[in-house]
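The next block holds one structure in the form of structure tokens; read it before the comments.
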Protein chains: 2
Amino acid sequence: MIGLPQEQRRMMEMSLEKVYAYIDSHTDVFVESLVKLVKQPSVSAKGEGIQECAELVEKMMRDTGLSTKTLHEEKGNPVVYGEIKSQKSDRTLLFYDHYDVQPPEPLEKWMCKPFSGKIANGKVYGRGASDNKGNFVSRLKAVQALLEVAGDVPVNLKFFVEGEEEIGSPHLEPIIKRYKDLFSADAAIWESGGTDRRGRPNLYLGLKGVLSVEVRARGASRDVHSANAPIIPNAAWRLLWALNLLKDKEENILIEGFYEDVLPPSSEEIECLKNIPFEEEETKKELGLREFLQNRSGLEALRTLLYQPTCTINGYVSGYTGKGSKTVLPHEASAKLDFRLVPNQNPTEIFQKLVRHLKRHGFGDLEIIKHGSTEPTRTPVNDPFVKLVARTAEKVYCKKAVIYPTSAGSGPMHLFRNFLSYPVVSAGCSHPKSNTHAPNENLKIKSFIKGSKLIATLISDFAS
Amino acid sequence: MIGLPQEQRRMMEMSLEKVYAYIDSHTDVFVESLVKLVKQPSVSAKGEGIQECAELVEKMMRDTGLSTKTLHEEKGNPVVYGEIKSQKSDRTLLFYDHYDVQPPEPLEKWMCKPFSGKIANGKVYGRGASDNKGNFVSRLKAVQALLEVAGDVPVNLKFFVEGEEEIGSPHLEPIIKRYKDLFSADAAIWESGGTDRRGRPNLYLGLKGVLSVEVRARGASRDVHSANAPIIPNAAWRLLWALNLLKDKEENILIEGFYEDVLPPSSEEIECLKNIPFEEEETKKELGLREFLQNRSGLEALRTLLYQPTCTINGYVSGYTGKGSKTVLPHEASAKLDFRLVPNQNPTEIFQKLVRHLKRHGFGDLEIIKHGSTEPTRTPVNDPFVKLVARTAEKVYCKKAVIYPTSAGSGPMHLFRNFLSYPVVSAGCSHPKSNTHAPNENLKIKSFIKGSKLIATLISDFAS
């Protein structure tokens, strides 16, 4: 009885060595697949290249040996689903990824075309290279390696690849609810994650929620000469005064009731935070900052980053923004904002509070558009799946895993964690200089390949 | 002694009839000249087409029979100067015009290309058609008509045509000071003015000053993912909080000492205001407004428009402003503002007060750039030249002239009125729907031709 698991483990280790060798010897073709996917634009914010990218993702899964389905919801971008059954196990592991990417702007700050998939300095450059096409391809290639080496996968595997993550997954909930059985699993690996500056694997057990809105102000029916300023309303000022009601310069969000549902971190989570090696000085140096906001540092800064809900201006525009000056009085102004939310804040309620707040303060004339939202969620730090993923990552990277009770980022994890009810952990192949959501996004080829090995090992470990 | 002036007057009237006939019969070629000038872009804010436009203006003056000079100041756009001496009189009338125009943006709101000079609905369309190429051409054509009909001009005439009016005439002062004698005159006609909705000629005796600035905020060294918002400074918020310190939503400018040099209108000016038929309802209707700012109306709104200094956002931009949403945290933000100033506010002092105010409130890190400035000025309502221009305008338009003690607009009038020390009155050929500084700027051909007749008559009356 004791001998058998040991024998199994030895067999598995031998088999994994072959899988690693397969991955190493196929680096070039794996990178080629990634480049091909990066070259296909898929900007959900602009509806650019979505259908083409979904088709490419489905083809890549079919070519690997998965059976696939493309799931549509009215108006939404397709979800591409793929699965492969194991002959040996009833357990199921699901991978959540997305094929859509952030808009590539500002274009002038890229050193190459954002959808070129250019290879330079051992990296693949392009919007989506790191977030999240790299993870998707590394996972799919892990499955390919397992199939090629062993002719089977050790557990049932499911790929859930959506196309609206970067705009807040507005059409995901009805799909999850309609295909509840299809997406059943024992656990899920989330899209993001990677290694930190010291090469330690970082695992994330939760996500903040997000609420994306646009606020628009209007004045006269057209722009007028600014000499008319004493009597004609100015949309740029009106929007500015309204936004100023949302947050003060000490970073306090002023919307009535904004903080009332915020859950403080548990004592277990606080303990977890203490073990996170927060790379404070490196981050400041990389971003050219002398201090973080409010001079926070150490555990306080980390706790703020992970547990504080936010109200962020993503951008605004009004009037003349070209060279030099123009004496014009703008008749329209708009701003885009996102709110990052923590358990138990609810994006629908926060939107209502925002609308009420602006109305109460005399700005009921502003147009407030909801672009998308997701709820916050967390998997408990003591869940057995969390421990399994941590052990596997430590084995693959030969470094202690860093466990984040939550990420500062967002995504529709709550639909899997709360509605489909299984543990979800982020474990990916990103790295600190991958410039996610920024110009010159990239993925190190070494990280990409190591990520593939991590997933192959994790599938193997999940079976035992 | 009584007979002679009567005889002179009769001769002049006969002569003017011939001048009017000449103008009427040359409408098509006059319009052609205007179209040619409008077709030449001359955007001083962008340095676009300046040299070419200055050369065209000089050629047009030479072709009319004026002797010309192009005056340069280091860095500044050229001033084109033209003059013609009279055989009959020592008196001199100067015309101030400018050949530069506002930027044409937003381009998508034009019904034709902004430098097309398209003729439609009895109007010439194009940036600069009304402000101020139309006035310049109508004046030059008046001189042409006088010369063609009488072979001489009744007084000495000078044309001062600059190329930086739309950016606050930053290099004009040294030119005025260096060529003080060249620009000596007994009176000047300013660039703007026209008729109101009821066809009454409007005369303006003063201008507000203006101070154009740009304010820039910076955060990290690049844009980052908005998930970092709890700890990374956001330039968009920082700029917004700084601008919010400049004006409250009741339109009070909050810069310390901003109002301290403001001169209230004299009792004569107040009397003048009462005679101004303020076209309140028409303006509101045209601009789709239910109310003016602060619900002001009637004399109060008019007095506010003409006598209240302002702080206007001309435009701002930061981060992502495209379609949909983008979860980005912007690292830079900028805004353009203009301040309209009244006697005795001084733009240099106001700039210093602005810088001090922002620094005092914790925003010393912002970059504040001065784009240009001019001082406010006024010619007294009881000046004899004012009375002369009013009488002439009433004769030409057959309607009572409306005298504005000051315009709500700006320009370098103070250099002529205060430094060169002669009375200055605005009398032009614009009309209320000419869309000055806005898309679809235009000039009615009828107004343009009538403007030419006004100037011919004025030159003639100025001689007597």
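Chain identifiers are assigned alphabetically (A, B, ...) following the order of the sequence lines, protein sequences preceding nucleic acid strands; residue numbering begins at 1 within each chain. Small disclaimer: the values here were computed from a predicted structure and weren't measured.
In terms of heavy-atom pairs under 4.5 angstrom with chain A, the leader among B/Ala45, B/Ser318, B/Ala220, B/Gly288 is B/Ser318. Chosen from B/Gly315, B/Pro230, B/Ser325, B/Ala438, the residue pairing most often with chain A at heavy-atom distances under 4.5 Å is B/Pro230. Chosen from A/Val43, A/Val317, A/Ile369, the residue pairing most often with chain B at heavy-atom distances under 4.5 Å is A/Val317. Each of B/Thr436, B/Leu305, B/Leu306, B/Asp223 has some count of heavy-atom pairs under 4.5 Å with chain A, and the biggest count is that of B/Leu305. When the candidates B/Thr321, B/Leu240, B/Leu246 are compared by the number of heavy-atom contacts under 4.5 Å with chain A, B/Leu240 comes out ahead. Heavy-atom pairs under 4.5 Å with chain B peak, among A/His331, A/Lys109, A/Lys284, A/His371, at A/His371. Counting heavy-atom pairs closer than 4.5 Å to chain A, the top residue among B/Glu166, B/Arg296, B/Arg340, B/Glu105 is B/Arg340. When each of A/Glu286, A/Glu251, A/Lys247 is scored by its heavy-atom pairs under 4.5 Å with chain B, the top score falls to A/Lys247. Looking only at heavy-atom pairs under 4.5 Å with chain A, the residue among B/Pro103, B/Gly362, B/Ala235, B/Pro439 that has the most is B/Pro103. For the set A/Pro330, A/Gly409, A/Pro106, the entry with the most heavy-atom pairs within less than 4.5 Å of chain B is A/Pro330.
The line from OG1 of B/Thr283 to CG of A/Asn228 is 8.5 Å long, rounded to the nearest 0.5 Å. Considering NZ of B/Lys323 and CD of A/Glu214, their distance stands at 11.5 Å, rounded to 0.5 Å. Atom CG in A/Asn435 sits 12.5 Å away from atom NE2 in B/His225 (nearest 0.5 Å). Between B/Trp241 atom CH2 and A/Leu243 atom CG the span is 11.0 Å, to the nearest 0.5 Å. The structure places CG of A/Asn244 at 11.0 Å from NZ of B/Lys249, a figure rounded to the nearest 0.5 Å. Distance CG/A/Leu329 to CG/B/Asn314: 8.0 Å, rounded to 0.5 Å.
Residues A/His437 and B/Val224 fail the side-chain proximity criterion, which asks for heavy atoms closer than 4.5 Å. Taking the side chain as every heavy atom from C-beta outward, B/Trp237 and A/Cys311 approach each other to under 4.5 Å. Side-chain contact between B/Ile232 and A/Phe292 is present, with at least one heavy-atom pair separated by less than 4.5 Å.
A pairwise comparison of heavy atoms in B/Ile313 and A/Ala236 identifies CG2-CB, 3.6 Å as the closest pair.
Neither the backbone nor the side chain of A/Phe339 comes within contact range of chain B, judged by heavy atoms closer than 4.5 Å. Heavy atoms of A/Leu289 lying under 4.5 Å from chain B belong exclusively to its side chain. Using a 4.5 Å cut-off between heavy atoms, A/Ala333 touches chain B through its side chain atoms alone. Looking at B/Thr304, both its backbone and its side chain come within 4.5 Å of chain A, counting heavy atoms on both sides. Heavy-atom distances place both the backbone and the side chain of A/Lys326 under 4.5 Å from chain B. Interface remark: A/Gln294 contributes no atoms to any contact with chain B (heavy atom separation under 4.5 Å). Only the side chain of A/Glu332 comes within contact range of chain B, judged by heavy atoms closer than 4.5 Å.
Proximity of a side-chain donor or acceptor of B/Tyr316 to a complementary backbone N or O of A/Tyr316 within less than 3.5 Å is not detected. Remark: side-chain polar atoms of A/Lys336 are paired, donor with acceptor, to backbone N or O of B/Gly322 under 3.5 angstrom. No side-chain donor-acceptor contact under 3.5 Å links A/Lys46 to the backbone of B/Gly324.
Other residues, nucleotides and ligands contribute at most 12 non-hydrogen atoms within 6.0 Å of the CZ atom of A/Arg303.
A side-chain hydrogen bond (donor to acceptor under 3.5 Å, both in side chains) with B/Ser226 holds for exactly one of A/Thr312, A/Thr310, A/Asp338; it is A/Asp338.
Counting only N and O atoms by type, the side chains of B/Thr327 and A/Gln102 include a donor and acceptor under 3.5 Å apart.
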